[in-house]
Amino acid sequence: MTERMDADVIVIGSGFGGAVAAARLAQAGHAVLVLERGGRWRPGDFPRDPDLRKGWLWQAGGGLYDIRWLDRMASVQAAGWGGGSLVYANVFARPADGALDPRWPAHLRREALDPYYDLAAHMLEVAPTGPDPRTGRVPERTALVEDLAARSDIVEATMRPNLAVTFGDPEQWRPNRHGVPRRGCAFVGECVLGCNHGAKNTLDHNYLAVAEAAGARAVTDAQAERIEPCDGGYDVHASTPSDPEAPERRWRAGKVVLAAGAIATTELLLRARDVHRTLPGLSRRLGHGFSGNGDFLTMAELRRRTGDAADTGDMTTGPTITTTTVLDVPEGRESVWYQVQDGAVPMPLRELIDSVIPGRRLRARWRRIRGTDRRRGFAVLAMGRDSSDGVLRLGDDGNAVLSWRTRWQAKLHRSQSRVGPLLARQFGARMSNPPTWSLLRRTVTVHALGGVPEGEGPETGVVDEYGEVHGHPGLFVMDGSRLPAATGVNPSASILAVAERSVEAMIRRSGRTGWRAPEWDDVAPAPVPEDAAFDFMAERRAATAGDGVGFGERMRTPRRRAPVADLRLSARIRSMDRFLADPAHPIAVRGRIDVEGVVTGADVAGTLSLFPEGRPEAMSYALTFRDGDGRDWKLSGEKTVRSRTPVALLRGLTTLHTRIRPAEGGPEEGVTAVVTIGLPELLSLGASIRGQGFTRARRLRAAARFAAFFAKSALRSTDDPAPPARRPPTRPQSDAVRPLRSRPGGVKVDVQCSAGTEGDGHGFR
Ligand SMILES: Cc1cc2nc3c(=O)[nH]c(=O)nc-3n(C[C@H](O)[C@H](O)[C@H](O)COP(=O)(O)OP(=O)(O)OC[C@H]3O[C@@H](n4cnc5c(N)ncnc54)[C@H](O)[C@@H]3O)c2cc1C
C-alpha cells in the first residue's frame, strides 16, 4: 500500500530558486512543503555584535553566514528563510548575451528569458539608488564613482543598477506589492549584514510571503541529508541543525525540488549517487561546470578629501552597491570583460574583523599614525566570465571540494587586479587584496554557480532544460547550480528567471497546461540599465581593437607666403586594427585653425587619410570649420611625395597644399594655401606620438605598430613609381592667393588646385 504523502512537492532550500518554486507551485494549487536548514530573520534580528559566536556563522551555532573552504576557493553564502537574499547586496542584473559563455543555450539567453526577468523584477520591486531622502544627495561613494566616470572617456559604461530595495520615507512602514510592510532605505550601508531597518526586498517579503499566503508550509531548522526514491515519489530525510541529537525526520512527496544553492545541492546529489547510493544513475557530469563567477575583491582606503564641502568622507552610506561599471579591457591578444561595483564596508563588519584578527591594538595605533579613517574605506567588487570549469566532488569528510585552477582565470584576474592601482592613482587611495588572494592566490566567491549541468541525456547533463533530473522523474533542480556557466554579473536575477521558466513548465507538465503566474497581467517590461553599458563597451571594444594612437601636429604657412594659415591638430586613432584594415587609413583630427582673411582661431575637425591605398597622395585632409559669421567652410588638402630621395620625402610628408572654400559657395570662391611642418614642429610631432591602451605594454605596442606602418608606407609613397633620376622635373605648386573679386561674407579667390584628385578620398567632398 502506498504510504501517505506529506505534500505534493517538497522544496529543499528557500533561496532564490526555492522561493520561486514554492510560490508558483503553491499558487498552482499544489501542497508545498519547504525545508530550510536556517531560521527566520526579521528586521532587528540580524547580528551586529563584534563577537563571531553571536549569530554570525552558520558553523558556530546556526548563524547567518555559511563560509565554506572548498580547498581551491572559498565561498560565502547565507543560511535562513530567504537564503542568499538575506545578506546579498540587492543587485538585480541581467547578463548581456554577447558576454556569455557559449555553453549558455538559446533557451536560457535573454530573448527567451527576458519576460521572466521582467516577472522577477516585478516581484522584487527593483529600482536604482536615488538620493537619500534625508540629505537630498546620492551617497558619497556613488558621487565619487560617477565623478570619476564623468572624467573618463567611458562615462556610458557606468550606471546605477536595479536594486531589490524599497526607497522612500525611511520612517514610514508601507505594504509592498505583496502586502508585506517595508520602510524606505535608511542609507546605512548594512545590506550585506542583513537589513535591520526593514528596507531590503528579501525573498521572505515577496516570493516566500506569496508562497505562504497560497498555503505553502515552511519547516525551518530542517536540513535535508538524504533523498531516496520511494513508491510514487521521494523521501527526504532531514536533521535538526539546532539539535544534533534530535532524531532524523522524514517527509514524503511525489516531487522534490532541490534548491539548496550550488554547493549544497551538488553535495546532496553527489551523496545520493556515491555515498547513500539512493540515486545511483545520476549523470557522471554531476559536479561539473562550477563557477565562482569571476569574483575578485579589492579594498580601497581613500586618503585625501575631495575638498568639496559636501564631502564628509563617509563611504559607508547608501545601499551596499550603488554603481556598476562595465569594462572591456585588452589583455594579451584578447579582450577581457568584467564589471566593477562599489561596495560599502559597514562599521559592524570592520569591528567584527577586528575582533577576530590578532594584534587589534597594534593595528589601531598604526591606523592612528597613518591617519586612516575607516569610514573612508570601501570595497571594489569585480566579477566576470571565469572558465566555469570547476569540478565539485566529495572529499574524505563527505563534504564538497573543488578542483579548480586559478591560472585558468589568469587573464581575468590580472585584468581585474589592475583596477586597484588605477583607482589608487585616481583617488589617491590605498588598495589591498584580502590575504586569501595576496598570500594564497585563492579567490572568495559570493556567487557560487553550476555543478548540475543540463544536457539532452545523462551522458551530457544531469537535468533537462527545465531542471528535471534525467532518469528520476519528479526530481527537479532550480537554483544557482543550474546555470551553465558564469553570468559575469550578479546572478540572482538569472537564478530567478531560470527558476520561473522551469517551474512554469513543471506545473504545465503536471496537467495544468497553459498555467501562468497570476502576476503576469501586472508585469511591465522593467528598465535594464546594464544593457546600455554593455552595448557601449561592446561598440567601444570594436572601435578600439588593437588599441589606439594619438599625436599632435602643427602646420603653418612658410614665411613670405600668403595667405598665412596656421593649423594645430590633434589626431586620434581609436583602433589600430580598424585603422590598418580600412584601405583609407582614416584618422579623426580636431584642433584650431587660422586663415588670413577667412577665420581667426576657429575649431576645426575632420579626417586625415594616411597613406590611402590606391591613391597618389601620401596624406589627404578633409576638415570643416565655421567662421566668425557662422559660415561653414571646408578645407581639403594633400601631401604628396614626388620622389624617394630623403629631401623629397621629407618635403612631401611635411607640406600640405590646401583648398579652403565655403561649404555652400560657388567653385570660384575660396583660397589656396600651403602649410608646412617646420623642424621644431616635426620634433614635437614625433614626441607627441602616444599609444593609447590599458597597459604600458599595450600602449607601446600600439605606438610601435603605428610607427612601423608609417615608416613602411612613407618609403613606398611616391605618386610615381619611376626612379627619381628619370623623372621629369615637376612644376612647383603655386600657393599664391589670387583674389578675383570680393563679396561680403567670404574671400573671393582664384582657386588653384594643388596635386591630388579633388572629390576623392575619405573625408568630406
Ligand atoms: C555577501 C553577498 C552578497 C551578494 N550580493 C548579491 C547581489 O547583489 N546580487 C546578486 O544577484 N547576488 C548576490 N549574491 C549572490 C546570491 O546571494 C546567490 O547567488 C544566491 O543566493 C543563490 O541562490 P540559490 O537559490 O542558488 O541559493 P541560496 O540563495 O543560497 O539558497 C539556498 C538555501 O538553501 C538552504 N539550504 C542549504 N542546504 C540545505 C539543506 N541541506 N537543507 C535545507 N536547506 C538547505 C540555505 O540555507 C539557503 O537558504 C550575494 C551573495 C553574498 C553572500
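Order of appearance sets the numbers: ligands from 1, and atoms from 1 within every ligand. Just so you know, these numbers come straight off a predicted model, no measurement behind them. We're numbering straight along the sequence, starting at 1.
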If you measure from each non-hydrogen atom of [X] to ligand 1, which part falls under 4.0 Å: side chain, backbone, both or neither?
X: D66; answer: neither
X: N490; answer: both
X: H447; answer: side chain
X: A264; answer: side chain

Taking the minimum heavy-atom distance to [atom], which of [options] ranks first?
atom: atom 7 (C) of ligand 1; options: Y65, W81, Y88, F92; value: Y88
atom: atom 32 (C) of ligand 1; options: G83, A260, G13, A448; value: A260
atom: atom 30 (O) of ligand 1; options: A93, G15, G84; value: G84
atom: atom 26 (O) of ligand 1; options: S492, G480, A21; value: G480

Between [X] and [Y], does at least one N-O distance fall below 4.0 Å, as a salt bridge requires?
X: R141; Y: D342; value: yes
X: R40; Y: E212; value: yes
X: R103; Y: D389; value: yes
X: R277; Y: E228; value: no
X: R48; Y: E351; value: no
X: R374; Y: D354; value: yes

Contact atoms of ligand 1, heavy-atom distance to [X] under 4.0 Å:
X: A259; result: 32 (C), 33 (C), 34 (O)
X: D479; result: 24 (P), 25 (O), 26 (O)
X: G80; result: 47 (O), 49 (O)
X: I12; result: 42 (N), 43 (C)
X: L35; result: 43 (C), 44 (N)

Would you compute the distance between atom CG of L258 and atom CZ of F476 and round it to the nearest 0.5 angstrom?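 Atom-to-atom, L258:CG and F476:CZ are 11.5 Å apart.
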Could you tell me the separation between the CG atom of D132 and the CZ atom of F167, rounded to the nearest 0.5 Å?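 Those atoms lie 10.0 Å apart.
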I want to check something: taking the side chain as every heavy atom from C-beta on, are L412 and F296 in contact at a cut-off of under 4.5 Å? no
If the plane angle is over 60° it's perpendicular, under 30° parallel, otherwise tilted; pick one for H413 and W437.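 The arrangement is perpendicular - the two ring planes meet at more than 60°.
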Classify the angle between the aromatic ring planes of W41 and F46 as parallel (below 30°), tilted (30 to 60°) or perpendicular (above 60°).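 Rings of W41 and F46: parallel, as their planes differ by under 30°.
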Can you report which non-hydrogen protein atom sits closest to [atom], along with the distance?
atom: atom 5 (N) of ligand 1; answer: A89 N, 2.9 Å
atom: atom 8 (O) of ligand 1; answer: V91 N, 3.0 Å
atom: atom 52 (C) of ligand 1; answer: V446 CB, 3.5 Å
atom: atom 2 (C) of ligand 1; answer: V87 O, 3.7 Å
atom: atom 40 (C) of ligand 1; answer: A224 N, 3.6 Å
atom: atom 20 (C) of ligand 1; answer: F16 CD1, 3.5 Å
atom: atom 27 (O) of ligand 1; answer: G261 CA, 3.4 Å
atom: atom 46 (C) of ligand 1; answer: R37 NE, 3.3 Å

From Q339, R160, Q341, residue fulfilling side chain to side chain donor-acceptor pair (under 3.5 Å) relative to T324: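 Single side chain to side chain donor-acceptor pair (under 3.5 Å) partner of T324 among Q339, R160, Q341: Q341.
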Option passing ring-ring contact (aromatic ring centres under 6.0 Å, His included) with F16 (candidates Y207, Y88, F92):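 Only one option passes, and that is Y88.
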Show which side-chain atoms of residues 525-533 pair as donor or acceptor with protein atoms under 3.5 Å away, not counting sequence neighbours.
{"unit_1": "E530", "atom_1": "OE2", "unit_2": "R94", "atom_2": "N", "d": "2.7"}
{"unit_1": "D531", "atom_1": "OD1", "unit_2": "R110", "atom_2": "NH1", "d": "3.0"}
{"unit_1": "D531", "atom_1": "OD1", "unit_2": "R110", "atom_2": "NH2", "d": "3.4"}
{"unit_1": "D531", "atom_1": "OD2", "unit_2": "R110", "atom_2": "NH2", "d": "2.7"}

Flag L449 as yes when one of its N or O atoms lies below 3.5 Å from any N or O atom of ligand 1, and as no otherwise. no
Do any N/O atoms on Q223 end up under 3.5 angstrom from N/O atoms on ligand 1?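 No; every N/O pair is 3.5 Å or more apart.
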Does R37 make a cation-pi contact with W58, if we ask for NZ or CZ under 6.0 Å from the ring centre and within 45° of the axis? yes
Is there a heavy atom of A78 sitting under 4.0 angstrom from any atom of ligand 1?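 Yes, A78 has a heavy atom closer than 4.0 Å to ligand 1.
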Does A222 have a heavy atom less than 4.0 Å from any atom of ligand 1? yes
